[in-house]
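Since the structure comes first, as structure tokens, the remarks are kept for the end.
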Amino acid sequence: MAKPAPRIGSRRNGRIGLRKSARRIPKGVIHVQASFNNTIVTVTDVRGRVISWSSAGTCGFKGTRRGTPFAAQTAAGNAIRTVVDQGMQRAEVMIKGPGLGRDAALRAIRRSGVILSFIRDVTPMPHNGCRPLKKGVCKNKQNIEMISEK
Amino acid sequence: MATSLSLSQFLSSLLPSKQPIPPPPPPSSLHFPNKPPSGWVSLVSTTLDPTTPSCSSFINPIVCPALAYSNTLYFKSCYNVQVIVGENEPEDKLVGRFRREVLRAGVIQECKRRRYFENTHDKKKRKARDAARRNRKWRPLPKVQAKREAPKKKNGDKDDNWDDYEVDLPYCKH
């Protein structure tokens, strides 16, 4: 599906898209999603539009090493470096998930020199919603894979 | 449930929008500087009470208890824990404060619990364990008091009449 040619001045509220490098955002939000296996750090503006992101996987870590606090630290450092150059001074931090990368990412953010206004934990909590997986599912899967390989 | 109903009534009277807040509502009808969350999330967010309310809008909990923690409504994300960073706060102190707040809220424990399904038997065991831990923490006294009361009762036996009296009982040989 071909995109229609963008008309200048017609969509003010819409996507800026191609003019990414011109954006200078003094205040932003840093989202840290820390799961057991990985940590993803996303920097957005106040409205939620993503500016840059980085994760432990993209920083070169593989497998179980992605879940470590050191990997989270490097991911956070990586994500913020690009944004500090664009001129971001103040930020809020939103931390999601139960992983080990929570504190390490927070430390890295603090050390990077960005002024923090709030730190919030936004881990999603169901009010007894969807039924989770049964116990030991992941372990059983691994065992089955090992047996089938043999 | 009652608090959520009163909250929706209060909000509908407060705000110019005529629509009540059903799930899922059109958010454009509400006028906020930031984009507001969908209605059912905002109603529910009052139950996830933050430990420290933000300083921007503070409603006295005595005046309107249902809206006391409604600061979360003004943010897109309803948060479990909020830590307001002071000026020149040392890194370790900040991280320590955040960790303590999260521990108090029990976020990580809750996450781990909800990761896999817990059948009724496991749930009962967990609840019993938590109750035992809570009772051990806050009520270690009752056992000590019981020990003190038991020896006192033994001294009271002296007042009872246990002496032998010779009484002529029918059908008894003496």
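Numbers restart at 1 for each chain; the letters A, B, ... are given by sequence-line order, proteins then strands. We use all heavy atoms of the structure for the numbers below, so side chains are in, but hydrogens, waters and symmetry mates are not.
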Counting only heavy atoms not in R126(B) (residues, nucleotides, ligands), do more than 12 fall under 6.0 Å from its CZ? yes
Does any backbone or side-chain atom of S117(A) lie under 4.5 Å from a heavy atom of chain B? Answer side chain, backbone, both or neither. backbone
Do the side chains of I119(A) and L94(B) get nearer than 4.5 Å, heavy atoms only? yes
Can you name the closest pair of heavy atoms from D92(B) and R107(A) and give their distance? OD1-NH1, 3.0 Å
Point-to-point distance, once rounded to the nearest 0.5 Å, from CD of E87(B) to CG of L116(A): 12.5 Å
d(F98(B) CZ, L106(A) CG) to nearest 0.5 Å is 6.5 Å
Minimum side-chain heavy-atom gap K134(A)-N119(B) below 4.5 Å: no
Starting at CD of E92(A), measure out to CD of Q82(B) and round the result to the nearest 0.5 Å. 8.0 Å
Quick one: pull up CZ in R111(A) and CD in E91(B) and give me the separation to the nearest 0.5 Å. 4.5 Å
Any non-hydrogen side-chain atom of T123(A) less than 4.5 Å from a side-chain atom of C111(B)? yes
Below 4.5 Å from any heavy atom of chain B, which atoms of P124(A) appear? Answer side chain, backbone, both or neither. neither
Considering only heavy atoms, which portion of I95(A) lies under 4.5 Å from any heavy atom of chain B: side chain, backbone, both, or neither? side chain
Which heavy atom of V122(A) sits nearest a heavy atom of N80(B), and at what distance? C-ND2, 4.4 Å
Answer yes if M125(A) and V81(B) sit in the same cluster of Ile, Leu, Val, Met, Phe, Trp and Tyr residues linked by side chain heavy atoms under 4.5 Å apart, and no otherwise. yes
Looking only at heavy atoms, which two atoms of P132(A) and R115(B) are closest? And how far apart? CB-O, 3.6 Å
Closest non-hydrogen atom pair, V102(B) against D121(A): CG2-OD2, 4.4 Å
P98(A) and K112(B), any side-chain heavy atoms less than 4.5 Å apart: no
Less than 4.5 Å to any heavy atom of chain B: does that hold for the side chain of R110(A), its backbone, both, or neither? side chain
In the single-linkage hydrophobic clustering (I, L, V, M, F, W, Y; side-chain heavy atoms under 4.5 Å), do V84(A) and M88(A) co-cluster? yes
Given the rule that I, L, V, M, F, W and Y join up when any side-chain heavy atoms are under 4.5 Å apart, are V41(A) and F70(A) in one cluster? no
Are I40(A) and I108(B) grouped together when hydrophobic residues (ILVMFWY) are joined by side-chain heavy atoms under 4.5 angstrom apart? no
According to a 4.5 Å side-chain heavy-atom criterion applied to Ile, Leu, Val, Met, Phe, Trp and Tyr, with indirect links allowed, do V85(B) and V83(A) form part of one hydrophobic cluster? yes
Measuring heavy-atom distances to chain A, does R114(B) have an atom under 4.5 Å in its side chain, in its backbone, in both, or in neither? both
Contact between V83(B) and R120(A) at the side-chain level, heavy atoms closer than 4.5 Å - yes or no? no
